[in-house]
Asks: 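My structure is below; once you've seen it, I'll send some questions.
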Amino acid sequence: DAGITQSPRYKITETGRQVTLMCHQTWSHSYMFWYRQDLGHGLRLIYYSAAADITDKGEVPDGYVVSRSKTENFPLTLESATRSQTSVYFCASLGLSNTGELFFGEGSRLTVL
Amino acid sequence: GQQVMQIPQYQHVQEGEDFTTYCNSSTTLSNIQWYKQRPGGHPVFLIQLVKSGEVKKQKRLTFQFGEAKKNSSLHITATQTTDVGTYFCAGYSGAGSYQLTFGKGTKLSVIP
């Protein structure tokens, strides 16, 4: 089915390990985003990408790395996971209509022990 | 940086009662969006408001954008159990900006 998919949906890892969260969209949307959602903080932008090979920092980029070699994929890597990175991560893409609608993936729940 | 504040954080209502959540930005917004997130789900777009003073309705939901384009509200008339979830407002700070800043959301519980 077309849409935006994230994997894995659930991940448990240990402090210091590298973790990559995958995001794939089939709409050929130019803009893609990574948000993290924590209780009491709402949704905070980590990184975003305007197109392949173009990425930029959001509000909370420290400890994260992104890449965008292809339009449809936007992986998020935690190079050395910390407990404070325990969160639910949402990938989103920006629709082509003039509504400015963001389409979100189902989310990836990450627990860092 | 831009801040978007939303109140209340939580709201419990009896089914059939009305509900309102308010959103205020520290800066003028080019537009404002509203999203709904069901428990365990992901945010889903509801609407975008662009014009100063704009009012839009979707069935029992009424959305307003302030005259100064710094505040907005979502009002639900006669809540139903299907309205349960967290409602977020989000704004773009300026033309050409693609960084959408979200409020912390209002979690709505509806008591049957």
Side-chain angles (χ1 to χ4, degrees), chain A residues 3-7 9-10 21 23-25 27 29-51 54-62 66 68 74 87-109, chain B residues 1-10 21-27 29-51 54 56 58 63 65 69 72 85-107:
Chain A
I4 183 164
T5 55
Q6 294 183 231
S7 62
R9 293 291 311 282
Y10 303 91
L21 306 179
C23 179
H24 176 78
Q25 54 107 353
W27 293 305
H29 289 167
S30 293
Y31 278 84
M32 296 186 73
F33 307 83
W34 274 106
Y35 286 88
R36 61 176 289 174
Q37 184 173 37
D38 305 288
L39 198 61
H41 289 280
L43 290 152
R44 291 181 292 175
L45 182 64
I46 305 171
Y47 268 96
Y48 66 103
S49 169
I54 302 174
T55 62
D56 208 347
K57 296 179 180 179
E59 180 186 353
V60 288
D62 293 344
V66 293
R68 187 119 180 254
F74 190 37
S87 186
V88 180
Y89 292 86
F90 286 101
C91 178
S93 67
L94 179 62
L96 300 175
S97 73
N98 60 3
T99 65
E101 175 180 358
L102 284 190
F103 293 88
F104 284 84
E106 297 289 331
S108 295
R109 183 176 292 275
Chain B
Q2 177 185 320
Q3 291 186 349
V4 177
M5 292 145 286
Q6 209 174 333
I7 57 169
Q9 191 173 358
Y10 302 96
T21 173
Y22 300 91
C23 183
N24 285 284
S25 171
S26 58
T27 60
L29 300 170
S30 59
N31 54 52
I32 194 156
Q33 299 183 355
W34 287 90
Y35 291 78
K36 177 183 178 181
Q37 184 177 22
R38 295 182 186 275
H42 60 278
V44 175
F45 177 83
L46 293 176
I47 206 163
Q48 176 171 273
L49 304 173
V50 178
K51 299 177 183 176
E54 190 170 13
K56 286 189 176 180
Q58 289 180 349
F63 304 85
F65 199 12
K69 301 184 75 172
S72 181
T86 302
Y87 293 84
F88 293 96
C89 63
Y92 288 106
S93 59
S97 169
Y98 289 95
Q99 291 196 52
L100 194 60
T101 300
F102 281 81
K104 293 184 179 181
T106 296
K107 186 173 182 178

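Throughout, a chain's letter reflects where its sequence line sits, starting with A, and its residues are numbered from 1. Not measured: the values here are computed from a predicted model. FYI, side chains are in, hydrogens and waters are out, and symmetry mates aren't considered; it's all heavy atoms of this structure.
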Asks: Less than 6.0 Å separating the ring centroids of F103(A) and H29(A)?
Replies: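 That pair passes the under 6.0 Å test.
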Asks: When you look at CZ of R44(A), are more than 12 heavy atoms from neighbouring residues, nucleotides or ligands closer to it than 6.0 Å?
Replies: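 Enclosed: over 12 neighbouring heavy atoms sit under 6.0 Å from CZ of R44(A).
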Asks: Are the side chains of F104(A) and Y35(A) in touch, meaning some heavy atoms are under 4.5 Å apart?
Replies: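 The answer is yes; the side chains approach within 4.5 Å.
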Asks: For the interface with chain A, which of Q33(B), H42(B), Q6(B) has the highest count of heavy-atom pairs at distances below 4.5 Å?
Replies: H42(B)
Asks: How about Y35(B) and F102(B): are their ring centroids closer than 6.0 Å?
Replies: yes
Asks: Got a second to check how far I32(B)'s CD1 is from C23(B)'s SG, nearest 0.5 Å?
Replies: 3.5 Å
Asks: So what's closer than 4.5 Å to chain B heavy atoms on Y48(A): side chain, backbone, both or neither?
Replies: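 Contact with chain B: side chain only.
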Asks: Examine whether an atom of Q37(B) lies under 4.5 Å from a heavy atom of chain A, and if so say whether it belongs to the side chain, the backbone or both; otherwise answer neither.
Replies: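 When you check distances to chain A, only side chain atoms of Q37(B) fall under 4.5 Å.
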Asks: L43(A) versus chain B, heavy atoms under 4.5 Å apart: side chain, backbone, both or neither?
Replies: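 When you check distances to chain B, atoms from both the backbone and side chain of L43(A) fall under 4.5 Å.
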Asks: Is chain B contacted by the side chain of L102(A), its backbone, both, or neither, given a heavy-atom distance below 4.5 Å?
Replies: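 Answer is both: backbone and side chain atoms of L102(A) are under 4.5 Å from chain B.
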